[in-house]
Amino acid sequence: MPRLSSLPLDAGVLIPAKILVVDDQQFVRRTLLSLLTRQSHWKIYEAANGNVALDRVREVRPDIVLLDIVMPEMNGMQVAYEIRRISPATKIIFISTYYTPEGGAHIARIFGNGCFLQKSETGRELIPAISRLLTEESPAQWPFEK
């Protein structure tokens, strides 16, 4: 889990954004929310499962979704597929404890923007990863035809 002390306070670029955190573990969501709310120019939302996440995507059209891969009912890949359908401009960062960096990056290239973080690295890498995605000019692209 991210250590808040490992976060560089000046790591974020001051670009306003709506960010949705999706994880079935409340402790993980709370930790990530506490990390992300340090960036006062970001509005943070949360969802405990894929179905709630899709409702939130329809409601707020987030710029970024931070998405756990392994969840009950609807896994992160299924959620990402639906996000691409509902809100193609939303960018996705996959997170997981269970996937290797290589496996997670492969999933991220297929279903997202190629961005994957191991949960243990989010304290150090999450804010810079979000800032990089926010500064990319091209919208998220779904690699398959609709």
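Taking NZ of K91 as the reference point, atom CG of L134 lies at 7.0 Å (rounded to 0.5 Å). Interatomic distance, L33 CG to T31 OG1, rounded to the nearest 0.5 Å: 8.5 Å. Remark: S131 OG to I64 CD1 distance equals 8.5 Å, nearest 0.5 Å. Here the straight-line distance linking atom CD1 of I92 with atom CZ of F116 works out to 14.0 Å at 0.5 Å rounding. Taking CG of D63 as the reference point, atom CG of L133 lies at 10.5 Å (rounded to 0.5 Å). Note that CD1 of I107 is 12.0 Å distant from CD of E102, once rounded to the nearest 0.5 Å.
Take S96 and apply the side-chain hydrogen bond (donor to acceptor under 3.5 Å, both in side chains) test, not counting sequence neighbours, and it matches no residue. Residues passing the side-chain hydrogen bond (donor to acceptor under 3.5 Å, both in side chains) test with R61: none are found, sequence neighbours excluded. With sequence neighbours excluded, no residue forms a side-chain hydrogen bond (donor to acceptor under 3.5 Å, both in side chains) with N49. Shown here are the salt bridge (charged side-chain N to carboxylate O under 4.0 Å, His left out) partners of E46, two or more places apart in sequence or in another chain: R29, R30. Contacts of E59 classified as salt bridge (charged side-chain N to carboxylate O under 4.0 Å, His left out), with partners at least two apart in sequence or in another chain: R56. Residues forming a side-chain contact (heavy atoms from CB on, under 4.5 Å) with A105 (at least two apart in sequence, or on another chain): R109. When the side-chain hydrogen bond (donor to acceptor under 3.5 Å, both in side chains) test is applied to E73, no partner is found at least two apart in sequence or on another chain. Residues meeting the side-chain contact (heavy atoms from CB on, under 4.5 Å) test with Q78, sequence neighbours left out: M74, N75.
A heavy-atom distance below 4.5 Å is not found between the side chains of Y98 and I69. You'll find the side chain of S120 stays beyond 4.5 Å of the side chain of T97, heavy atoms only.
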As a quick check of understanding, evaluate side-chain contact (heavy atoms from CB on, under 4.5 Å) for V79 and M71, giving each step before the final call. CA-CA 10 Å; V79 176; M71 295 185 293; 4.2 Å; yes
I127/L36 under side-chain contact (heavy atoms from CB on, under 4.5 Å): CA gap, chis, key distance, verdict
CA-CA 7 Å; I127 303 300; L36 293 170; 3.8 Å; yes
Atom pairs and distances, donor-acceptor, side-chain atoms in residues 14-28, under 3.5 Å, two or more places apart:
from, atom 1, to, atom 2, distance (Å)
K18, NZ, V60, O, 2.7
D23, OD1, Q25, N, 2.8
D23, OD2, K119, NZ, 2.8

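A donor-acceptor contact shorter than 3.5 Å is absent between the side chain of R85 and the backbone of A80.
The heavy-atom pair separating P62 from T90 by the smallest distance is O-OG1, 2.7 Å.
Under a hydrophobic-cluster definition in which Ile, Leu, Val, Met, Phe, Trp and Tyr are linked whenever side-chain heavy atoms come within less than 4.5 Å, directly or via other members, I95 and V52 are assigned to different clusters.
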